[in-house]
Undergrad: 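Okay, here's the structure, questions in a sec.
Residue numbers count from 1 along this sequence.
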Amino acid sequence: TSHKSNTLYAVVCLCLALVVLFWPVFFQGKVIVPGDIPASNPFLFAGDTPPPPPQNTLLSDEIEQFYVWHSIAAQSLRADGHIPLWNPYILTGQPLVANAQSSLFYPPNLLLRLLSPGKVATIRVLFNLLFAGMFTFLFCRELKISDKGAFLSSITFAFSGPLIVWVGFPLANVLVCLPFLMWAGEKLLRHRSLLRTAMLGGGM
């Protein structure tokens, strides 16, 4: 019971940290998408007053690639009921589902049928950081590290430089799975079973 309550406490603290870090999402209804980048594009700008420069031009892939691919997928899901195999809007067309960076089958992205790409991008960021932190905690506890040490590890990894820098990019979807894989692998090494094998295989 104590271990379960400490795990719940760690998850609650991670959630509170996410609220503090991304407070505009929770209190201003914003989404985690660099929408100020297209406004500065001279081919897209319309008006007399030029917009302010983007806060971070290094995030251009998030809005010019991933967001566009997810918008195409969302429109196809709602109109035709299936994910498009092909993206006809680039050159003479190119694969969409087979494009690994579109990551259309990553669990949060399955919500594209129901929610806007901006909301899905926001949910994906929050999910990734919470998922990474929670399983870092569980992995550390599996190694018999104290609750305090496990919680410190979970905060350190979930809000580490690589994760925060790349959190809007598809490679973060893989990075956040590492603690789960180590946790599932450790449990399998301690006690082999079909369920634990399937759990590790599912994570892979």
Undergrad: List in chain and number order the residues that pass salt bridge (charged side-chain N to carboxylate O under 4.0 Å, His left out) with E64, two or more places apart in sequence or in another chain; answer none if no residue qualifies.
TA: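 Per chain and number, E64 pairs via salt bridge (charged side-chain N to carboxylate O under 4.0 Å, His left out) with no residue.
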
Undergrad: Which atom pair, heavy atoms only, marks the closest approach of A158 to I164?
TA: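 The answer is O-CD1, 4.2 Å.
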
Undergrad: Judged by atom type as modelled, is there a donor-acceptor pair below 3.5 Å linking the side chain of T122 to the main-chain atoms of I32?
TA: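 Checking the backbone N and O of I32 against the side chain of T122, a donor-acceptor pair under 3.5 Å is found.
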
Undergrad: Applying side chain to side chain contact (heavy atoms under 4.5 Å, CB included), name anything that partners V19, two or more places apart in sequence or on another chain.
TA: F26, F27

Undergrad: Could you note down all residue pairs passing salt bridge (charged side-chain N to carboxylate O under 4.0 Å, His left out) where residues 117-141 supplies at least one of them, sequence neighbours left out?
TA: R141-D147

Undergrad: Rounded to the nearest 0.5 Å, what separation is found between the CG atom of L14 and the CG atom of L21?
TA: 12.0 Å

Undergrad: Under the side-chain contact (heavy atoms from CB on, under 4.5 Å) rule, what do F105 and I83 come out as? Steps first, then yes or no, please.
TA: CA-CA 10 Å; F105 296 117; I83 296 175; 3.6 Å; yes

Undergrad: For F169, give me all partners under ring pair (Phe, Tyr, Trp, His ring centres under 6.0 Å), at least two apart in sequence or on another chain.
TA: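 F169 satisfies ring pair (Phe, Tyr, Trp, His ring centres under 6.0 Å) with F66, W166 once adjacent residues are dropped.
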
Undergrad: Under the side chain to side chain contact (heavy atoms under 4.5 Å, CB included) test, which residues partner S153, sequence neighbours left out?
TA: T136, C140

Undergrad: Is L178 close to L175 at the side-chain level, that is, under 4.5 Å between some pair of heavy atoms?
TA: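 Yes, their side chains come closer than 4.5 Å.
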
Undergrad: Hydrophobic cluster membership, with links at side-chain heavy-atom distances under 4.5 Å among I/L/V/M/F/W/Y: are L18 and Y9 in one?
TA: no

Undergrad: Restricting to side chain to side chain donor-acceptor pair (under 3.5 Å), what partner residues turn up for R196, sequence neighbours left out?
TA: none

Undergrad: Cluster partners of L16, using ILVMFWY side-chain heavy atoms under 4.5 angstrom, listed by chain and number?
TA: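 Its cluster mates, by chain and number, are L8, V12.
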
Undergrad: Using 0.5 Å steps for rounding, measure from the OG1 atom of T156 to the CZ atom of F151.
TA: 9.5 Å

Undergrad: So, do W69 and I90 sit near enough that their side-chain heavy atoms are less than 4.5 Å apart?
TA: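 Yes, side chains in contact.
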
Undergrad: How close do P54 and I37 get, heavy atom to heavy atom, and via which atoms?
TA: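 The answer is CB-CG1, 3.9 Å.
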
Undergrad: Could you give the distance from CG (L96) to OG (S102), rounded to the nearest 0.5 Å?
TA: 5.0 Å

Undergrad: List in chain and number order the residues that pass side chain to side chain donor-acceptor pair (under 3.5 Å) with E186, two or more places apart in sequence or in another chain; answer none if no residue qualifies.
TA: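 Side chain to side chain donor-acceptor pair (under 3.5 Å) check on E186 returns R190.
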
Undergrad: Can you sort out the partners of F135 under ring pair (Phe, Tyr, Trp, His ring centres under 6.0 Å), two or more places apart, ordered by chain and number?
TA: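 By the ring pair (Phe, Tyr, Trp, His ring centres under 6.0 Å) rule, F135 matches F131, F180, W183.
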
Undergrad: Would you say F159 ends up clustered with W23 if hydrophobic residues are merged whenever their side chains have heavy atoms under 4.5 Å apart, either directly or through other cluster members?
TA: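 Hydrophobic grouping puts W23 with F159.
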
Undergrad: In chain order, what residues pass the salt bridge (charged side-chain N to carboxylate O under 4.0 Å, His left out) check against E62, with sequence neighbours excluded?
TA: none

Undergrad: Find out whether L200 and L181 are in side-chain contact, i.e. whether some heavy atom of one side chain is under 4.5 Å from a heavy atom of the other.
TA: yes

Undergrad: To check you understand the geometry: which heavy-atom pair defines the closest contact between F157 and P179, and what is its length?
TA: CE2-CG, 3.4 Å

Undergrad: Can you name the nearest heavy-atom pair linking A150 to I145, along with the distance?
TA: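 Nearest heavy atoms, A150 then I145: N-CG2, 3.8 Å.
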
Undergrad: Working to the nearest 0.5 Å, report the span between CG of D36 and OG1 of T57.
TA: 9.5 Å

Undergrad: How would you list, by chain and number, every residue that makes a side chain to side chain donor-acceptor pair (under 3.5 Å) with N128, sequence neighbours excluded?
TA: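 For N128 the side chain to side chain donor-acceptor pair (under 3.5 Å) partners, ignoring immediate neighbours, are Y106, N173.
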
Undergrad: Transitively linked via ILVMFWY side-chain contacts under 4.5 Å: F139 with V174?
TA: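 In one cluster: no.
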
Undergrad: Hey, what do you get for CG (N109) to CG (L104), rounding to the nearest 0.5 Å?
TA: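 N109 CG to L104 CG: 6.5 Å, rounded to 0.5 Å.
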
Undergrad: Please list all pairs meeting side chain to side chain donor-acceptor pair (under 3.5 Å) that have one or both residues in residues 73-94, counting only residues at least two apart or in different chains.
TA: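 Checked against side chain to side chain donor-acceptor pair (under 3.5 Å) - neighbours excluded - no pair reaches residues 73-94.
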
Undergrad: Spell out, yes or no, whether L138 and L189 are grouped together once hydrophobic residues are joined by side-chain heavy atoms under 4.5 Å, including indirect joins.
TA: no

Undergrad: Transitively linked via ILVMFWY side-chain contacts under 4.5 Å: L111 with V125?
TA: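 As far as the 4.5 Å side-chain criterion goes, V125 and L111 are not connected within one cluster.
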
Undergrad: For the residue pair V97 and P95, establish whether any side-chain heavy-atom pair is separated by less than 4.5 Å.
TA: no

Undergrad: Grab the two heavy atoms, one from V68 and one from I63, that are nearest each other, plus how far apart they are.
TA: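 Scanning both residues, the minimum pair turns out to be CG2-O, 3.5 Å.
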
Undergrad: Rounded to the nearest 0.5 Å, how far does CZ of F22 lie from CD of Q28?
TA: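 Nearest 0.5 Å value for the CD-CZ distance: 14.0 Å.
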
Undergrad: What closest approach, in Å, do P108 and V120 show between heavy atoms, and which atom pair accounts for it?
TA: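 That would be O-CG1, 3.5 Å.
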
